Structures are given as structure tokens and as C-alpha cells.
Student: 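A single structure is presented below for examination.
Just so it is clear, the structure is predicted and the values come from calculations on it, not from any experiment.
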Amino acid sequence: ALAGGSGGQLLVMPLLGVLMASLAWRNVYLVFGLAILALAVLALLLFRRAAPYASPHIGVTGDGFADRVRRLCDSRVFLTLLAVFFICGLTTSGAVDVHFLPYAATCGFPPVQSTLAYGVLGVGNLLGLILFGWLADRLHAPYLLAAMFTLRAMLFLALMAVADNLPMLVAFAAAFGLINYATLPVVAAIVAQRIG
């Protein structure tokens, strides 16, 4: 699901850039709002029947819940993963998802070029989720995650040198996209192997 949503960015983001360059921003929001409304109606029509299987009810409270939480908080693996998700959130949501387009504008890129680069980032997300999900089943997941974060740090250093170089901006977007959401299947593998 994440890979498909990320891949759709390659289409949606450049379209957004073209619309922003040719229409007032309020009109762009109106166009996207109407498109989302149309998709909601389409989803309602396509998925109006109940699922063919019953969803099991899984309780999160009850006997031993406090003990399970206490054991997790005593686990070095869990605390390390907590730090990993903090870094992921800071670099992905905090830096790239929110500030990529304003940063590109500060570097002198027009909206169409910067949204195209962001679309490339989405395709990188798609490919990275699939590739690193496959790798997480075959390689030592903690080492793989450490390598991904090392590459992420190096890419942020490279991003500071983008200036007005469009190929470098697109290269950053593609490379960062490959390891951006790709941490999720690697972390899931670590949780399955080390925590259960």
C-alpha cells in the first residue's frame, strides 16, 4: 500500500506543479478537492460490499498488558527502534516531506521542476520498499538499517550542495526515495526477529 501511494506521487506532484504554475492556489485546491471527492465516490461504489472474511477482534488490554509494556520498555531492541523511528520521522516527515519543496524553491527551482523531483522521490519510495523488503529477508537487518541511516546522513550533506543544479536535486530525490520508506520493512524484520 505504501509503495503504491508513493509511486502515485510521480503523476500527482508534477501535475500539482503545473497547476500551481498556471492557476491561483485556491483554484488548485478546488481542483484537488473535487478530484478527491470523485475518488471517494468511486471507492464507495467499488468497495460497498462487506469483506468476504470476518476481521478478528484483537484486544490490547487484559491480563499481562502492563507486564508486556514493561518488558518492551526494558528491551534495548525496542528502545533502539524507538530512536530509529524518531530519526525516521525527523528526516522523512520533518525534513523531506514538509520542507523539500520550499527548500527547492529557496535554491531557485521553479514549481514544475521541484515537484517533478518530488515525484521521483515517490518512485524511489516505491522501489525502495520492495527492494529493501526483499533484502531484509536475506541480509542481517540491523546492519542493513545501519547502512541505510549512514547513506541517509550522507545524502543530507549532499542536499546542502544542490544549489541550482536540477540533475543533482533529482539524483538526491531518487537516492533518498530508495531509503526513505524502505526502513519500514527492515524495522518490521527486526521486530519479527528480535521482539516477536
Student: Take Ser114 and Tyr103 through the side chain to side chain contact (heavy atoms under 4.5 Å, CB included) test and state the conclusion after the steps.
Tutor: CA-CA 9 Å; Ser114 56; Tyr103 179 74; over 6 Å; no

Student: Just how far is it from atom CE of Met20 to atom CG of Leu101, taken to the nearest 0.5 Å?
Tutor: 9.5 Å

Student: Indicate the atoms forming the closest heavy-atom contact of Ala117 with Val170, along with that distance.
Tutor: CB-CG2, 4.2 Å

Student: Which pairs, with at least one residue in residues 10-30 and sequence neighbours excluded, count as a side-chain hydrogen bond (donor to acceptor under 3.5 Å, both in side chains)?
Tutor: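 Not a single pair qualifies under side-chain hydrogen bond (donor to acceptor under 3.5 Å, both in side chains).
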
Student: Less than 4.5 Å apart, side chain to side chain, heavy atoms only: is that true for Leu129 and Pro185?
Tutor: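 Answer yes - side chains close enough.
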
Student: Verify the cluster assignment for Leu15 and Leu116: are they in a single hydrophobic cluster under the rule of side-chain heavy atoms below 4.5 Å apart?
Tutor: no

Student: Please list all pairs meeting side-chain hydrogen bond (donor to acceptor under 3.5 Å, both in side chains) that have one or both residues in residues 148-157, counting only residues at least two apart or in different chains.
Tutor: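 side-chain hydrogen bond (donor to acceptor under 3.5 Å, both in side chains) check on residues 148-157 returns Thr91-Arg152, Thr92-Arg152.
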
Student: For residues Val191 and Phe78, determine if any side-chain heavy atom of one lies less than 4.5 Å from a side-chain heavy atom of the other.
Tutor: no

Student: Which value, rounded to the nearest 0.5 Å, describes the distance between Ser93 atom OG and Asn180 atom CG?
Tutor: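 So the OG of Ser93 and the CG of Asn180 are separated by 8.5 Å.
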
Student: Other residues, nucleotides and ligands only: do more than 12 of their heavy atoms fall within 6.0 Å of CZ on Phe86?
Tutor: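 No, the 6.0 Å shell around CZ holds no more than 12 heavy atoms from other groups.
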
Student: Walk me through it: do Leu126 and Tyr181 pass the test side chain to side chain contact (heavy atoms under 4.5 Å, CB included)?
Tutor: CA-CA 8 Å; Leu126 181 151; Tyr181 290 168; over 6 Å; no

Student: Are Leu121 and Met168 linked, directly or through intermediate hydrophobic residues, by side-chain heavy-atom contacts shorter than 4.5 Å (ILVMFWY only)?
Tutor: yes

Student: By side chain to side chain contact (heavy atoms under 4.5 Å, CB included), which residues pair with Ala182, not counting sequence neighbours?
Tutor: Phe132, Met148

Student: Consider only side-chain heavy atoms of I, L, V, M, F, W and Y, link residues closer than 4.5 Å, and tell whether Val187 and Phe176 are in one cluster.
Tutor: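 Linked, Val187 and Phe176 end up in one cluster.
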
Student: Not counting sequence neighbours, which residues clear side chain to side chain contact (heavy atoms under 4.5 Å, CB included) with Val69? List them please.
Tutor: Phe65, Cys73

Student: Quick check on the hydrophobic clustering: are Phe85 and Leu151 connected, directly or via other members, by side-chain heavy-atom contacts under 4.5 Å?
Tutor: yes

Student: Taking the side chain from Tyr118 and the backbone from Val96, do they hold a donor-acceptor pair closer than 3.5 Å?
Tutor: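 No: the side chain of Tyr118 does not pair with the backbone of Val96.
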
Student: What's the spacing between Ile190 CD1 and Leu144 CG if we round to 0.5 Å?
Tutor: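 Between Ile190 CD1 and Leu144 CG, I get 8.0 Å after rounding to 0.5 Å.
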
Student: Please answer: with hydrophobic residues joined when any side-chain heavy atoms are less than 4.5 Å apart, are Val112 and Phe32 in the same cluster?
Tutor: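 Per the 4.5 Å side-chain linkage, Val112 and Phe32 are not co-clustered.
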
Student: Closest heavy-atom contact between Val186 and Ala136?
Tutor: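 Val186 and Ala136 have their closest heavy atoms at CA-CB, 4.0 Å.
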
Student: So, using side chain to side chain donor-acceptor pair (under 3.5 Å) as the criterion, who are the partners of Arg71 when residues are at least two apart?
Tutor: none

Student: What's the separation between atom CD1 in Ile36 and atom CG in Leu42, rounded to the nearest 0.5 Å?
Tutor: 13.5 Å

Student: Once you round to the nearest 0.5 Å, how far does CD1 of Ile87 lie from CG of Leu90?
Tutor: 8.0 Å

Student: Given side chain to side chain contact (heavy atoms under 4.5 Å, CB included), test Val162 with Phe109 step by step and report yes or no.
Tutor: CA-CA 10 Å; Val162 165; Phe109 296 103; 3.6 Å; yes

Student: Taking C-beta and beyond as the side chain, do Trp134 and Arg138 meet within less than 4.5 Å on heavy atoms?
Tutor: yes

Student: How many angstroms lie between CG in Leu30 and CG in Leu19, if you round to the nearest 0.5 Å?
Tutor: 11.0 Å

Student: Got a sec, which pairs hit side-chain hydrogen bond (donor to acceptor under 3.5 Å, both in side chains) with one end in residues 73-89, sequence neighbours left out?
Tutor: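 Sorted pair list comes back empty.
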
Student: Would Thr183 and Cys88 count as a side chain to side chain contact (heavy atoms under 4.5 Å, CB included) if you check the C-alpha gap in whole Å, the side-chain angles of each, and the deciding distance to 0.1 Å?
Tutor: CA-CA 8 Å; Thr183 56; Cys88 278; 3.4 Å; yes

